[in-house]
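Throughout, numbering of the chain's residues begins at 1 and tracks the sequence.
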Amino acid sequence: MEHGKFEQFFRANYPKAYFLALRLLHDEEASRDVVSDSFEKVWGKMEEGKIEVNNLEAYLLMVVRNMALEQLRQQQLHNKYAKMELHHQERTSPDEQTMMEREEKMEKLTKALEKLTPRTQRIVNLCYVERKKYREVAAELDISESAVKKHIMQALSFLRQKFKNIDL
């Protein structure tokens with residue numbers, strides 16, 4: 001089909017295609033996009049010689065319907081995941097009171113850790129904040145792994161004693 005005839009086909013069938021998409025999508029802009037994409041797809045298939053000219057209108061309306069339904073499926077999927085994410089955030093986001101309690105606990109823990117020796121503080125920081133393995137800490141500080149374990153055990157023992165009656 002030559003360009004001029006396709007333009008006539010476009011002008012004659014755009015309203016039908018648009019109202020079909022609008023009936024399915026209930027969104028004017030999305031309907032225009034679907035119809036434009038559908039005409040582009042039909043033009044491409046014609047260029048490739050993959051569709052017959054005698055059933056072009058039926059093919060166009062089928063493409064519009066399929067693209068609109070696919071867009072609806074995508075929108076429903078998007079809405080589903082958005083709702084799930086919102087629900088997850090509502091369940092997991094701490095309220096202001098919980099945040100204040102956490103900050104207070106962290107402050108108490110930080111003050112307790114400051115009472116440890118500087119070497120033990122450094123080892124606890126490397127193991128628990130920087131998430132290094134005992135082997136890595138030992139190599140970095142040029143001490144044995146058992147020395148690292150000893151410092152960690154001392155620190156944990158001190159913290160257990162300090163907070164045995166407090167719920168952290």
Using the test side chain to side chain donor-acceptor pair (under 3.5 Å), find all partners of Lys133 that sit at least two apart in sequence or belong to another chain. none
Residue pairs passing the salt bridge (Lys or Arg N to Asp or Glu O under 4.0 Å) test where at least one lies in residues 143-160, sequence neighbours excluded: none
Can you find a heavy atom in the side chain of [X] that is under 4.5 Å from one in the side chain of [Y]?
| X | Y | answer |
| --- | --- | --- |
| Ile143 | Ile123 | yes |
| Leu60 | Leu56 | no |
| Lys115 | Lys162 | yes |
| Val124 | Leu156 | no |
| Tyr134 | Ile152 | yes |
| Leu61 | Arg65 | no |

Within 6.0 Å of CG in Asp142, more than 12 heavy atoms from elsewhere: no
Take a 6.0 Å sphere around CD of Glu29 and say whether it holds more than 12 heavy atoms from other residues, nucleotides or ligands. no
As an exercise, state the distance from [atom1] of [X] to [atom2] of [Y], rounded to the nearest 0.5 Å.
| X | Y | atom1 | atom2 | answer |
| --- | --- | --- | --- | --- |
| Leu113 | Met106 | CG | CE | 8.5 Å |
| Glu140 | Glu130 | CD | CD | 7.0 Å |
| Arg135 | Ser144 | CZ | OG | 14.0 Å |
| Leu20 | Ser38 | CG | OG | 9.0 Å |

Do Leu22 and Met62 share a hydrophobic cluster, counting only Ile, Leu, Val, Met, Phe, Trp and Tyr and linking them when any side-chain heavy atoms are less than 4.5 Å apart? yes
Output yes when Arg73 and Glu70 qualify as a salt bridge under the 4.0 Å nitrogen-oxygen rule, no when they do not. yes
Any salt bridge between Lys108 and Glu104, counting N to O under 4.0 Å? no
If you compare all heavy atoms of [X] against all heavy atoms of [Y], which two are closest, and at what distance to 0.1 Å?
| X | Y | value |
| --- | --- | --- |
| His151 | Arg119 | CE1-CG, 3.8 Å |
| His3 | Trp43 | CA-CH2, 4.0 Å |
| Val34 | Ala21 | CG1-CB, 4.3 Å |
| Ala68 | Leu24 | CB-CD1, 3.8 Å |
| Ala17 | Phe39 | CB-CE1, 4.4 Å |
| Gln154 | Thr120 | OE1-OG1, 4.3 Å |

Under the salt bridge (charged side-chain N to carboxylate O under 4.0 Å, His left out) criterion, do Glu101 and Lys105 qualify, and how do the steps go? CA-CA 6 Å; Glu101 289 172 2; Lys105 289 176 182 178; 5.3 Å; no
Any chance you could pull the hydrophobic cluster mates of Tyr81, using side-chain heavy atoms under 4.5 angstrom and chaining through other members? Leu77, Met84
With no hydrogens and no angle check, is any side-chain donor or acceptor of Ser31 less than 3.5 Å from a backbone partner on Asp27? yes
Over 60° means perpendicular and under 30° means parallel, so classify the ring planes of Tyr18 and Tyr14, tilted if in between. parallel
Quick one: do the Gln75 and Asn79 side chains pair a donor with an acceptor below 3.5 Å? yes
Run the side-chain contact (heavy atoms from CB on, under 4.5 Å) check on Leu126 and Val148 step by step: do they pass? CA-CA 10 Å; Leu126 289 169; Val148 172; over 6 Å; no
